[in-house]
Amino acid sequence: STWVRRARLGYYWMAIRENEEAARAVGIRVMAYKLLATCLSAFFAAFGGTFYAQYTYFIDPPTVLGFNLSIEILIYPIVGGIGTVLGPLIGASLLYPLAEIIRTLLGDKTAGVHLMVYGGILVAIMIFAPRGIVGVFQTLFTSRKGEGK
């Protein structure tokens with residue numbers, strides 16, 4: 001991911017994301033690069049799915065394609081930081097243990113309280129860190145770098 005982001009291909013994808021018409025105007029073959037992005041995304045999804053199948057030893061459509069797992073897969077990179085290499089890893093390494101801790105502490109008290117607390121934490125993160133956790137650290141690093149001058 002880091003290599004692709006820093007290569008010409010990554011810059012083309014960023015240009016297409018920001019302004020598709022402008023990218024097309026400067027000569028980027030938008031359709032070809034969108035197709036390549038789709039293929040690369042499918043490759044990484046298949047790669048991850050293979051590891052998940054080895055981890056669970058069983059693949060069942062309701063289990064794999066269930067609503068809860070789909071939401072978890074989407075939430076981790078969003079909270080970690082979309083468009084960053086470390087965002088999904090940081091999001092998953094923080095949110096998964098947090099969800100388990102909250103479920104352990106509040107799961108048997110009243111039905112659904114642990115879900116409300118976890119949801120409240122997610123909403124607070126999205127309000128106060130819209131660029132994700134990595135975005136917060138990037139902002140802190142950039143502001144500290146500017147203070148040193």
Side-chain angles (χ1 to χ4, degrees), residues 1-24 28-143:
S1 293
T2 303
W3 175 79
V4 169
R5 183 181 176 128
R6 293 181 181 166
R8 183 182 299 190
L9 179 63
Y11 290 113
Y12 284 174
W13 283 339
M14 282 190 277
I16 292 169
R17 178 190 67 202
E18 296 302 323
N19 191 336
E20 191 174 319
E21 293 301 318
R24 188 175 286 117
I28 297 174
R29 298 178 310 164
V30 172
M31 184 59 73
Y33 286 106
K34 280 185 167 185
L35 183 61
L36 183 60
T38 303
C39 291
L40 195 60
S41 173
F43 169 78
F44 282 126
F47 195 72
T50 301
F51 281 113
Y52 185 75
Q54 297 300 316
Y55 176 71
T56 61
Y57 296 115
F58 182 72
I59 295 294
D60 183 30
T63 304
V64 177
L65 301 174
F67 183 73
N68 291 340
L69 182 62
S70 299
I71 295 299
E72 282 183 46
I73 289 171
L74 290 174
I75 285 176
Y76 295 155
I78 291 171
V79 169
I82 294 178
T84 63
V85 176
L86 292 176
L89 182 63
I90 290 173
S93 64
L94 291 177
L95 288 181
Y96 188 77
L98 178 67
E100 293 302 318
I101 290 168
I102 292 171
R103 185 181 351 246
T104 302
L105 294 176
L106 301 174
D108 59 345
K109 306 289 187 230
T110 305
V113 171
H114 68 287
L115 295 174
M116 291 184 341
V117 171
Y118 184 65
I121 292 170
L122 289 178
V123 168
I125 290 172
M126 299 312 299
I127 289 172
F128 296 112
R131 292 180 38 218
I133 296 168
V134 172
V136 169
F137 286 115
Q138 287 174 339
T139 303
L140 288 174
F141 180 72
T142 304
S143 66

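Scope of the values below: all heavy atoms of this structure, side chains included, with no hydrogens, waters or symmetry mates.
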*Stepwise, does the side chain to side chain donor-acceptor pair (under 3.5 Å) test hold for Thr139 with Arg131?*
CA-CA 10 Å; Thr139 303; Arg131 292 180 38 218; 3.3 Å; yes
Atom of [X], atom of [Y] and distance for their closest heavy-atom approach:
{"X": "Ala92", "Y": "Pro97", "result": "O-CD, 3.7 Å"}
{"X": "Trp13", "Y": "Tyr33", "result": "NE1-O, 2.9 Å"}
{"X": "Met14", "Y": "Arg5", "result": "CE-O, 4.2 Å"}

Could you tell me if the side chain of [Y] sits less than 4.5 Å from the side chain of [X], heavy atoms only?
{"X": "Val134", "Y": "Gln138", "value": "yes"}
{"X": "Tyr52", "Y": "Leu69", "value": "yes"}
{"X": "Leu115", "Y": "Ile102", "value": "no"}
{"X": "Leu95", "Y": "Tyr118", "value": "yes"}

[atom1]/[X] to [atom2]/[Y] distance, rounded to the nearest 0.5 angstrom?
{"X": "Arg29", "Y": "Ile16", "atom1": "CZ", "atom2": "CD1", "result": "10.5 Å"}
{"X": "Leu98", "Y": "Ile125", "atom1": "CG", "atom2": "CD1", "result": "7.0 Å"}
{"X": "Ile71", "Y": "Ile75", "atom1": "CD1", "atom2": "CD1", "result": "6.0 Å"}
{"X": "Leu94", "Y": "Leu89", "atom1": "CG", "atom2": "CG", "result": "9.0 Å"}
{"X": "Ile28", "Y": "Arg8", "atom1": "CD1", "atom2": "CZ", "result": "10.0 Å"}

_For the backbone of Ala37 and the side chain of Ser41, can you confirm whether one donor and one acceptor N or O come within less than 3.5 Å of each other?_
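Here the side-chain-to-backbone pair does not exist.
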*Can His114 and Leu105 be said to form a side-chain contact (heavy atoms from CB on, under 4.5 Å), step by step?*
CA-CA 8 Å; His114 68 287; Leu105 294 176; over 6 Å; no
_Phe47 and Phe51 aromatic ring geometry - parallel, tilted or perpendicular at 30°/60° bounds_ =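 Rings of Phe51 and Phe47: perpendicular, over 60°.
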